[in-house]
Amino acid sequence: MPELPEVETIKRQLEKKLPGKEIEKVQIIDCPNADKRIRALSGIKILKVRRRAKTLIVDLNNDKSLLIHLKLTGQLIFRKNAGKERFTRVLFYLSSGGLLFNDMRKFGFIKLVPTENVEKEIHEKYGPEPFDKDFTLKIFEEILVRKKKSKIKPLLMDQKVISGLGNIYAQEACFIAGIKPGRTAGSLDKKEQTRLYSAIKKVLLSAIKFHGTSFDSIYVDAYGQPGGFGQRLYVYQQEKCKRCGQTLKSLRLGGRGTWYCGRCQN
DNA sequence: CCTTATGCCTGAATGC
DNA sequence: TGCATTCAGGCATAAG
């Protein structure tokens, strides 16, 4: 399930590949959430690839941008020889190679919006990027005070509050910070707030370094390669604590599977 | 304002 | 073996 590190990995790879390339043809194979107008992009060139939260933004030279969200099972893969694969939903034929939008469960979407509206469509809807300078410790503390009754792990997953964290990295951050995921935001003391703030950045940076998590073998990067962070997970879908060896506890928070160590997290 | 539930989907895993 | 059931989850939306 692509979260910030996975989408960032794809973004960094595609921004080296796509700019300057021309879209020769777009084929929508089976994609209920794809804007039909993308079929008319023949002859349009790709200018830039960006990321905001978990959404990829592909700016085009016709003042429009593609907004691509992979949701749970989406893949965006660059292939030298374009061809339909098992779950290919949209196929972009490029001047060299092809860009495949694969999505087993069809939750993902591709929108086409005027580039000038990207701000409105995306940026305004989401909370701060964890690596932007506006995401300061002070801002984070204010969030925790404002949402003091929320449970901390579902809060970290709320894109309107902070963008980019999903079910994996929210609970990994809680582990690294030594905080139980079911604690309320308001119950964190100053030290815990600081630890969690650092843990968010730490886990995301590390995951980006290893090209993300391919735990479920669904996520792959823009070259079809799995990420290497899966074996470095502390708690997500793990049985025993990597630090103390104790059997992890599991529960559901916000409807999502959640794991934590009763000894290492307080 | 809040929290929790639902729908969108399909494949893998499980149960009888 | 096969068929039905359950589960996974991002996130918009509805309901409580």
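Per chain, numbering begins at 1; letters A, B, ... match sequence-line order.
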Can you check the [X] [atom1] to [N] [atom2] distance for me, whole Å?
X	N	atom1	atom2	answer
Arg86(A)	dC9(B)	CZ	P	18 Å
Lys160(A)	dC2(B)	NZ	C1'	12 Å
Lys153(A)	dT4(B)	NZ	C1'	14 Å

Donor-acceptor side-chain pairing of [X] and [Y] below 3.5 angstrom:
X	Y	answer
Arg232(A)	Ser206(A)	no
Gln27(A)	Tyr93(A)	yes
Asp221(A)	Thr9(A)	no

Donor-acceptor pair, side chain of Thr55(A) and main chain of Arg51(A), under 3.5 angstrom: no

Cation over ring face, Lys111(A) and Phe109(A), 6.0 Å, 45°: yes

Phosphate contact (dC8(B) OP1 or OP2) by Lys106(A) side-chain N/O below 4.0 Å: no

Test: Asp189(A) and Lys191(A) ion pair at under 4.0 Å: no

Bend angle of the helix from dC2(B)-dG16(C) to dC16(B)-dG2(C), from helix axes over five pairs at each end, nearest 10°: 70°

Residue whose nearest DNA chain B nucleotide is more 5′ - Arg146(A) or Arg89(A): Arg146(A)

Side-chain hydrophobic cluster, 4.5 Å single linkage: members besides Leu251(A): Leu253(A), Tyr260(A)

Phe135(A) ring center near Tyr197(A) ring center (under 6.0 Å): yes

Return the polar atom pairs (N/O with N/O) between nucleotides 7-11 of chain C and the protein under 3.5 Å, or none.
unit_1, atom_1, unit_2, atom_2, d
dA8(C), OP2, Arg252(A), NH1, 2.8
dA8(C), OP2, Arg252(A), NH2, 3.3
dA8(C), N3, Arg105(A), NH1, 2.9
dA8(C), N3, Arg105(A), NH2, 2.7
dG9(C), OP1, Asn167(A), ND2, 3.2
dG9(C), OP1, Tyr236(A), OH, 3.0
dG9(C), OP2, Gly257(A), N, 3.4
dG9(C), N2, Arg105(A), NE, 3.2
dG9(C), N2, Arg105(A), NH1, 2.2
dG9(C), N3, Arg105(A), NH1, 3.2
dG10(C), OP1, Asn167(A), N, 3.4
dG10(C), N7, Arg256(A), NH2, 3.0
dC11(C), OP1, His69(A), NE2, 2.4
dC11(C), OP2, Lys54(A), NZ, 2.9
dC11(C), N4, Arg256(A), NH2, 2.6

Candidates dC2(B), dT10(B), dT4(B) - which lies nearest the side chain of Ser150(A): dC2(B)

